J.: 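Sharing a structure below in structure tokens format, with a few things to ask.
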Amino acid sequence: MSLSNEIRKLMIDCDVTLTQLAQEISRAKNKHYTVQNLSQKLKNNTLNAQEVDIILEVLNYQMFFYPKKG
């Protein structure tokens with residue numbers, strides 16, 4: 001499962017739209033960020049780490065990294 005698909009699921013669970021996310025990314029980056037841009041990045045799975053961090057903050061989630069067991 002891709003990160004973009006996981007973000008879309010979280011958006012549904014949190015009742016947050018692409019428009020709302022694009023507006024929050026625009027505020028956080030102090031740069032114009034369109035819904036179309038966000039949609040393309042989700043479609044192409046090309047979000048950068050800063051964008052993912054902002055999105056997770058808006059959705060009230062956090063990401064953790066764990067070492068592989070094995």
Side-chain angles (χ1 to χ4, degrees):
M1 176 91 34
S2 73
L3 180 60
S4 293
N5 286 340
E6 291 298 323
I7 289 172
R8 288 183 187 275
K9 286 180 184 178
L10 294 176
M11 288 171 55
I12 292 168
D13 291 344
C14 297
D15 197 29
V16 173
T17 66
L18 279 175
T19 301
Q20 292 167 319
L21 280 182
Q23 289 170 345
E24 290 300 322
I25 294 171
S26 288
R27 282 190 204 108
K29 292 181 91 173
N30 201 21
K31 176 181 167 187
H32 185 64
Y33 204 91
T34 66
V35 174
Q36 292 81 8
N37 187 17
L38 179 56
S39 180
Q40 280 298 317
K41 285 183 174 241
L42 285 169
K43 178 182 172 191
N44 297 329
N45 205 25
T46 57
L47 292 165
N48 66 41
Q50 182 185 23
E51 292 161 339
V52 172
D53 188 48
I54 295 165
I55 290 168
L56 292 176
E57 183 69 29
V58 170
L59 298 176
N60 201 30
Y61 277 82
Q62 55 186 330
M63 186 176 358
F64 293 96
F65 294 93
Y66 296 100
K68 288 183 178 182
K69 295 182 181 179

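Treat the numbers as computed from the prediction; the structure is a model and nothing was measured.
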J.: Using 0.5 Å steps for rounding, measure from the CG atom of Leu42 to the CD1 atom of Ile7.
T.: 6.0 Å
J.: Treat each ILVMFWY residue as a node, draw an edge where side-chain heavy atoms are under 4.5 Å apart, and state whether Val52 and Tyr66 are in one component.
T.: no
J.: Can you name the nearest heavy-atom pair linking Gln62 to Leu56, along with the distance?
T.: C-CD1, 4.5 Å
J.: Are the side chains of Leu21 and Val35 in touch, meaning some heavy atoms are under 4.5 Å apart?
T.: no
J.: Calculate, to the nearest 0.5 Å, the distance between atoms NZ and CZ belonging to Lys43 and Arg8 respectively.
T.: 10.0 Å
J.: Could you tell me if the side chain of Leu38 sits less than 4.5 Å from the side chain of Ile55, heavy atoms only?
T.: yes
J.: Between Glu51 and Asn48, does the side chain to side chain contact (heavy atoms under 4.5 Å, CB included) criterion hold? Intermediate values first, please.
T.: CA-CA 5 Å; Glu51 292 161 339; Asn48 66 41; 3.3 Å; yes
J.: In chain order, what residues pass the salt bridge (Lys or Arg N to Asp or Glu O under 4.0 Å) check against Arg27, with sequence neighbours excluded?
T.: Glu24
J.: Does the side chain of Lys41 come within less than 4.5 Å of Tyr33's, by heavy atoms?
T.: yes
J.: Quick one: are Gln20 and Met11 in side-chain contact, heavy atoms under 4.5 Å?
T.: no
J.: Hey, could you give me the CG/CG distance between Asp15 and Leu10, rounded to the nearest 0.5 Å?
T.: 13.0 Å
J.: For Glu6, look at atom CD and say whether over 12 heavy atoms of other residues, nucleotides or ligands are found less than 6.0 Å away.
T.: yes
J.: How long is the span from the CG atom in Leu59 to the CD1 atom in Ile12, to the nearest 0.5 Å?
T.: 11.5 Å
J.: Verify the neighbour count for atom CG of Asn30: are there more than 12 heavy atoms of other residues, nucleotides or ligands below 6.0 Å?
T.: no
J.: Nearest 0.5 Å please: distance from the CE atom of Met63 over to the CG atom of Asp53.
T.: 8.0 Å
J.: Which heavy atom in Ser39 sits nearest to a heavy atom in Leu18, and how many Å separate them?
T.: CB-CD1, 4.2 Å
J.: Spell out, yes or no, whether Leu3 and Phe64 are grouped together once hydrophobic residues are joined by side-chain heavy atoms under 4.5 Å, including indirect joins.
T.: no
J.: Under the side-chain hydrogen bond (donor to acceptor under 3.5 Å, both in side chains) test against Ser4, which residue among Asn45, Asn44, Thr46 passes?
T.: Asn45
